[in-house]
Peer 1: 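The structure is given below, and queries will be raised subsequently.
The figures that follow rest on heavy atoms only: side chains count, while hydrogens, waters and symmetry mates do not. If you're wondering where the values come from, they're calculated on a predicted model, not measured in any experiment.
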Amino acid sequence: MENIFSKTWDAKGNEEKIYSTWEKAGYFRPEIKFSKQYTVNGKQYTEEDYSEDKNGKPFVIPIPPPNVTGKLHIGHAMFVTLEDIMTRYHRLLGEPTLWIPGTDHAGIATQSVVDRDLRKKGIKKNEIGREKFLEKVWEWKEKYGGKITRQIRRLGASCDWSRERFTLDDGLSSSVNEAFSLLYKKGLIYRGNYIVNWCPRCGSAISDDEVEHRAQKAKLYYFKYDKSFPITIASTRPETKLGDTAVAVNPKDERYKEFIGKEYRIELDGVKRTVKIIADRAVDKEFGTGALGVTPAHSPIDWKMAEENGLEVIKIIGEDGKMTAQAGEKYKGLSVKDAREKIISYLNNAGLMEKEEEIENNLAVCYRCETPIEPLPSLQWFVSMKPLAEKAKKAVESGDVKIIPKRFEKEYFHWMDNIRDWCISRQLWWGHRIPVWYKRDAKLKVESEKLKVDQKASGASEALEASEAGNVYVGENPPKGWTQDPDVLDTWFSSALWPFSTLGWPHFAEDKVGNPKSEYRNPKQIRNSNDQKLEANSWQLKADSDSLGFTPYDYQYFYPASVLETGYDILFFWVARMIMMGIELTGKPPFHTVYLHGLVRDEHNRKMSKSLGNVLDPLDIIDEYGTDALRMGLVVGATPGQDVAVGKSKIKGYRNFSNKIWNASRFVALRVSDGDLVSGEIGSSKIEDLDIDENILTDADREVLKVHKLTKSKVKEHLDKFQFSLAGEALYDYFWHTFADVYIEEAKEQLLGENPKYEARNPTRLAYARAKREQIINSNDQNGILNQVQDDDPKKLKSYLPEDATRQQSSSLGGLQAGNLHPVSDNTKKILLKILSETLIMLHPFVPFVTEAVWQELREIYPKLSESIMIAEWPLTTTSTTRIHRTD
RNA sequence: GAGCCUGUAGCUCAGUUGGCCAGAGCGCUUCGUUGACAUCGAAGAGGUCACCCGUUCAAGUCGGGUCAGGCUCACCA
């Protein structure tokens with residue numbers, strides 16, 4: 001033991017070994033707890049008692065799946081730490097606990113990374129074609145796919161890797177297809193030609209949520225289409241005016257009242273159009289000339305006006321970012337930028353330009369590549385969101401889903417109230433190909449340049465179904481010879497299914513496997529005795545379950561999840577959509593609680609960025625200070641939804657804390673065994689159950705036991721309320737400043753077996769500790785829980801006060817006789833061991849590695865400790881209540 | 001334009017439904033320490049809790065307003 005128990009905690013040399021021991025032992029799989037026998041207050045409890053108590057309810061967290069080819073960053077470290085704390089805590093509480101890991105295929109992100117890589121090698125994706133390119137992406141995935149999960153392991157994540165999922169797995173892909181089909185059949189998915197956000201660089205449509213707005217300086221040009229046109233318009237994008245079919249003015253604008261309803265034939269640099277003057281309240285009289293050139297095809301507002309006024313939609317910019325033939329011979333094929341220059345010089349030369357003005361406006365850009373968005377009409381697939389949003393909103397309103405912190409519920413409602421249909425098709429190759437087949441050929445996506453705005457509102461699918469009847473197949477078994485839609489689904493579509501697709505939905509949903517809930521309510525039955533049972537029942541889906549890696553009842557037992565933990569930045573992208581899809585497809589919200597953490601910033605609260613050079617690489621930190629230190633640094637001081645400042649000095653402080661845990665425990669281990677270890681023995685008595693003799697407690701003993709008890713109740717309360725920072729802080733403070741600074745120092749005296757002293761070695765410090773404890777009790781006690789820690793006889797406590805401290809305190813030693821001093825040091829050893837081991841358990845969710853290392857050392861002295869701290873029992877807060885309910 | 005959040009010690013932040021003589025870590029000052037730990041200990045300095053008004057026996061905490069910083073959403077061409 002001595003060689004392992006070195007003077008300082010060697011995180012680097014131990015963490016990976018410890019992790020692989022855990023993983024090999026299978027502690028991350030929820031079934032490990034089911035075979036356990038419980039003994040509480042000397043009574044045996046069967047597994048059935050246990051499951052009744054919990055209503056068979058497991059604790060489940062679906063991981064926010066990182067990009068499969070991604071690299072670990074501090075944001076990952078944040079969510080892994082928080083989720084691991086919850087997972088380990090609930091596991092220690094004895095609940096069947098499942099944290100499902102997995103990765104996301106990350107459509108555009110992965111495709112463009114591989115594309116870039118191939119280009120460097122001189123390979124162009126359009127030349128090698130779809131099949132070959134996808135092979136390359138899969139190769140890339142095989143090569144780099146394991147990296148992120150290995151790195152997540154280094155953070156100590158106790159996920160059940162045997163259930164690891166990838167969004168493009170067979171199982172998940174079939175969930176995606178099934179979800180698409182179901183929604184299509186319900187009329188919640190439709191195809192239509194609508195104006196979408198087109199990213200010319202990604203070469204794909206993107207959803208409204210993927211568009212960001214950047215403030216920019218722009219030029220506003222004032223001009224007329226031609227000399228004969230009566231109204232001057234203002235535009236920042238004169239090149240789009242080639243597609244104008246109307247001019248909109250405010251109905252209250254006196255200047256233009258007389259023109260409303262009239263039509264004009266105009267000719268703009270050779271392009272002839274009919275322009276109607278329409279009235280729309282959205283037009284600001286004060287902006288520009290108060291007259292807006294309406295370009296239905298290339299502006300979302302204009303599109304809406306066109307819908308309302310039955311205007312012609314003329315697409316003058318194509319998906320390639322170049323002007324189409326509709327823009328006229330002079331402009332066809334020009335880039336948007338060139339077209340703008342050309343038309344500006346035309347307007348100037350023709351004497352149509354009246355003035356230019358510098359203004360500030362917002363530019364819509366792609367959130368991935370920052371490329372300016374080109375709005376254009378395109379034939380795409382959409383999810384009709386309003387019906388989904390209504391239910392999703394109710395789930396939060398009713399409290400079925402709780403969002404922490406609460407203020408995000410407001411943002412959530414606002415988003416739901418203002419929701420628009422979700423464009424889910426992407427013109428990419430990497431992803432879930434849309435499960436739709438067409439009878440004729442794949443070129444259904446004709447370049448329609450002259451389109452009437454589809455009258456069909458979202459949700460009304462009859463019209464489309466009629467037109468598609470017999471020509472479109474949606475599902476997994478297409479008729480022979482039909483052609484599949486070339487597009488793939490938005491990555492967030494599969495992410496939205498994550499909490500249930502990872503568990504086997506829809507293959508193992510109730511209607512597919514019957515309802516075995518009553519029989520298989522607790523998976524311990526599956527694990528312990530059911531392999532045979534399943535075979536005996538020759539259960540038909542078993543083969544499927546084996547090939548997909550699910551157990552048949554995962555979905556029914558583990559769904560819905562308990563907590564969904566992630567950063568607030570993807571509340572809408574991911575969380576909101578999961579709630580919508582979960583309710584629609586499974587009939588229940590996919591989780592009960594949403595915990596949103598803040599973003600990690602540098603120590604001066606600046607955003608981490610490469611250009612500032614303040615990026616913290618979690619792997620570097622782990623190498624330098626250890627995982628435990630990183631985890632504490634991330635969690636302490638972080639309140640939900642609030643960004644947290646993390647710098648090296650903070651993490652260094654928690655490295656010191658890890659070392660403190662190590663050394664305090666080292667002290668206990670060495671002193672308790674007196675360096676001369678006989679297993680199970682303490683001095684003259686056996687350790688057994690650490691039955692502390694209450695009659696010979698010293699002042700210090702009493703004090704530390706009280707603070708210990710207080711800490712237990714505080715920590716549990718905080719953890720139950722998702723107050724991880726406060727729990728971590730309370731443990732830190734107690735361990736360092738009471739257990740180590742006060743009690744260990746006092747224990748040094750009490751352990752002098754020959755001639756122990758009973759007076760406090762440092763009465764001032766003890767009094768100080770006591771005062772602090774009382775203050776905590778007084779200020780925190782709401783329900784009277786903490787009062788249980790109050791002293792029975794306040795008078796006795798006077799002896800703690802400094803002025804009385806020199807008094808002989810042997811009275812507090814009860815019946816202890818002068819010649820019988822040894823029991824005190826034995827008792828001290830037991831107290832040290834007891835409170836240390838309990839504290840280690842509470843610390844374990846925060847600092848899993850050092851606590852496990854120390855635990856293993858303590859097992860040498862006290863073999864009754866569980867074989868791993870991971871599967872220990874959370875210390876009971878009170879003696880009167882047991883956490884296992886007996887039915888008799 | 002709409003909504004939300006933040007403003008507490010030099011720095012980064014805690015402070016749960018109002019009861020604090022206002023806390024932590026880092027930093028700073030002084031002292032100590034060969035025996036678990038210099039990755040340590042003890043003592044200490046440092047705050048009109050942004051500002052103003054109000055509710056209350058009591059306000060960092062609740063209400064109204066002002067100022068400052070930040071975030072989200074949004075069709076100002």
Side-chain angles (χ1 to χ4, degrees), chain A residues 5 7-9 208-209 211-213 218 220-221 233-237 240-241 247-248 280 282-284 286-295 299-305 359-362 364 375 405 407-411 413-415 417-418 568-569 571-572 598-599 601-605 607 625-626 629 632-633 636-639 641-650 652-671 717-718 721 723 725-726 728-730 732-733 736-737 740-741 744-745 747-748 762 764-765 768 772 775-776 778-780 782:
Chain A
F5 231 146
K7 275 189 110 174
T8 52
W9 161 237
D208 292 340
D209 296 287
V211 177
E212 284 183 355
H213 299 274
L220 184 65
Y221 301 93
I233 57 166
S235 173
T236 52
R237 296 196 59 188
T240 63
K241 300 297 105 184
V247 164
D280 195 300
V283 179
D284 182 354
E286 309 301 320
F287 189 89
T289 61
L292 159 70
V294 180
T295 320
S299 156
I301 339 151
D302 298 11
W303 175 271
K304 213 175 143 197
M305 291 182 190
I359 59 158
E360 284 232 331
N361 71 350
N362 283 320
R407 67 186 148 91
F408 281 100
E409 291 186 357
K410 282 181 195 163
E411 286 192 20
F413 292 141
H414 185 259
W415 188 77
D417 287 338
N418 295 287
Y568 63 76
D569 51 332
L571 176 61
F572 306 132
L599 309 182
R601 291 162 166 273
D602 81 354
E603 53 203 323
H604 302 294
N605 216 353
K607 232 176 194 163
Y625 302 109
M632 279 298 275
V636 176
T639 30
Q642 207 64 38
D643 292 352
V644 59
V646 178
K648 279 201 173 182
S649 69
K650 187 175 179 190
K652 198 173 156 190
Y654 290 109
R655 187 270 317 267
N656 296 354
F657 180 56
S658 303
N659 196 56
K660 192 76 186 178
I661 296 173
W662 178 256
N663 271 298
S665 306
R666 183 165 163 247
F667 168 86
V668 172
L670 296 174
R671 287 304 187 85
E717 197 185 336
H718 287 317
K721 288 180 173 173
Q723 295 168 328
S725 175
L726 294 178
E729 237 183 294
Y732 175 96
D733 185 61
W736 199 318
H737 299 303
D741 288 352
I744 284 187
E745 292 307 314
K748 284 174 183 172
N762 187 338
T764 319
R765 184 166 52 195
Y768 197 78
K772 198 167 147 192
Q775 193 188 348
I776 291 166
N778 291 335
S779 66
N780 276 314
Q782 296 149 25

Peer 1: With a 4.0 Å cut-off on heavy atoms, is A/A664 in touch with a base, just the backbone sugar-phosphate, or nothing at all?
Peer 2: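 The residue A/A664 makes base contact.
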
Peer 1: How many Å lie between NE2 on A/H604 and P on B/rG70, as a whole number?
Peer 2: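 Interatomic distance, NE2 of A/H604 to P of B/rG70: 17 Å.
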
Peer 1: Please determine, for B/rC67, whether a Watson-Crick or G-U wobble partner exists with both distances under 3.5 Å, and give it or none.
Peer 2: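 Paired with B/rG7.
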
Peer 1: Select base, sugar-phosphate, or nothing to describe what A/L726 touches, counting heavy atoms under 4.0 Å on all strands.
Peer 2: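 Sugar-phosphate only.
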
Peer 1: If the cut-off is 4.0 Å, is A/N656 near the phosphate of B/rC40, judged by side-chain N/O to OP1 or OP2?
Peer 2: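 It does, given that an N or O in the side chain of A/N656 lies less than 4.0 Å from OP1 or OP2 of B/rC40.
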
Peer 1: So what does A/Q723 touch, heavy atoms closer than 4.0 Å: a base, only the sugar-phosphate, or nothing?
Peer 2: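 Since a base atom lies under 4.0 Å of A/Q723, the category is base.
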
Peer 1: Is it the case that the side chain of A/N418 and the backbone of A/H414 share a donor-acceptor pair, with hydrogens and angles ignored and the cut-off at 3.5 Å?
Peer 2: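 A pair under 3.5 Å: yes.
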
Peer 1: A/L571 versus A/W415: any side-chain heavy-atom pair under 4.5 Å?
Peer 2: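 No - every pair of side-chain heavy atoms lies 4.5 Å or more apart.
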
Peer 1: So what does A/V294 hit on the nucleic acid, given a heavy-atom distance under 4.0 Å: a base, only sugar-phosphate, or nothing?
Peer 2: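 A/V294: no heavy atom of the nucleic acid under 4.0 Å.
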
Peer 1: A/I359 or A/W9: which one's nearest nucleotide on RNA chain B is closer to the 5' end?
Peer 2: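 Result: A/W9.
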
Peer 1: Side-chain N or O of A/T639 versus OP1/OP2 of B/rA14: is the shortest distance under 4.0 Å?
Peer 2: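 For A/T639, the contact criterion (side-chain N or O under 4.0 Å from OP1 or OP2 of B/rA14) is met.
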
Peer 1: Select base, sugar-phosphate, or nothing to describe what A/N418 touches, counting heavy atoms under 4.0 Å on all strands.
Peer 2: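 The answer is nothing, as A/N418 stays clear of every strand by at least 4.0 Å.
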
Peer 1: Which part of the nucleic acid does A/R655 contact within heavy-atom distance under 4.0 Å: base, sugar-phosphate only, or nothing?
Peer 2: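 The residue A/R655 makes base contact.
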
Peer 1: Paired with B/rA36 by Watson-Crick or G-U wobble geometry, both distances under 3.5 Å: which nucleotide is it?
Peer 2: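 Check on B/rA36: unpaired, no WC or wobble geometry under 3.5 Å.
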
Peer 1: Closest approach of A/G637 and A/K650, non-hydrogen atoms and distance?
Peer 2: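 Distance-wise, the nearest heavy atoms are CA-NZ, 4.4 Å.
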
Peer 1: For B/rU12, does either OP1 or OP2 sit under 4.0 Å from a side-chain N or O belonging to A/K650?
Peer 2: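 For B/rU12, neither OP1 nor OP2 has a side-chain N or O of A/K650 closer than 4.0 Å.
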
Peer 1: Does A/G637 reach a base, just sugar-phosphate, or nothing at all? Heavy atoms under 4.0 Å.
Peer 2: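 Here A/G637 touches the backbone only, sparing every base.
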
Peer 1: Looking only at side-chain N and O atoms, does A/K660 come under 4.0 Å of OP1 or OP2 in B/rG41?
Peer 2: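 Looking at the OP1 and OP2 atoms of B/rG41, one of them is under 4.0 Å from a side-chain N or O of A/K660.
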
Peer 1: On RNA chain B, compare the nucleotides closest to A/N605 and A/S235; which residue's is nearer the 5' end?
Peer 2: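 Going by which nucleotide is closer to the 5' end, it is A/N605.
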
Peer 1: Atom CZ of A/R666 and atom C1' of B/rU39: how far apart are they, to the nearest Å?
Peer 2: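 One finds 13 Å between C1' of B/rU39 and CZ of A/R666, rounded.
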
Peer 1: Please state how far atom NE2 in A/H414 lies from atom P in B/rG3, giving the value in whole angstrom units.
Peer 2: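 Taking NE2 of A/H414 and P of B/rG3, I get 9 Å after rounding.
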
Peer 1: In terms of relative ring orientation, are A/Y732 and A/H737 parallel, tilted or perpendicular, with 30° and 60° separating the classes?
Peer 2: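 Geometry flag for A/H737 against A/Y732: perpendicular rings.
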
Peer 1: Answer whether the closest heavy-atom distance between the side chains of A/Y625 and A/Y654 falls below 4.5 Å.
Peer 2: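 No, every pair of side-chain atoms sits at 4.5 Å or beyond.
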
Peer 1: At less than 4.0 Å, is any side-chain N or O atom of A/H737 found next to OP1 or OP2 of B/rG25? Yes or no.
Peer 2: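 Yes, within the criterion.
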
Peer 1: Please pick, from B/rA36, B/rC4, B/rU39, the nucleotide with the shortest atom-to-atom distance to any side-chain atom of A/N659.
Peer 2: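 Looking only at side-chain atoms, A/N659 lies closest to B/rU39.
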
Peer 1: Heavy atoms only, 4.0 Å cut-off, all strands: where does A/A740 land among base, sugar-phosphate and nothing?
Peer 2: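 Answer is base: heavy atoms of A/A740 come under 4.0 Å of a base.
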
Peer 1: From the set B/rC13, B/rA77, B/rU39, return the single nucleotide nearest to any side-chain atom of A/T8.
Peer 2: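 Of B/rC13, B/rA77, B/rU39, B/rU39 is nearest to the side chain of A/T8.
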
Peer 1: Take the protein atom CD of A/Q642 and the nucleotide atom C1' of B/rU16, then report the distance between them rounded to whole Å.
Peer 2: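 After rounding, the reported distance stands at 15 Å.
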
Peer 1: Who is the Watson-Crick or G-U wobble partner of B/rA42, with both distances under 3.5 Å?
Peer 2: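 With both distances under 3.5 Å, B/rA42 matches B/rU30.
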
Peer 1: According to the Watson-Crick and G-U wobble definitions, with both distances under 3.5 Å, which nucleotide is paired to B/rC57?
Peer 2: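 Partner of B/rC57: B/rG19.
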
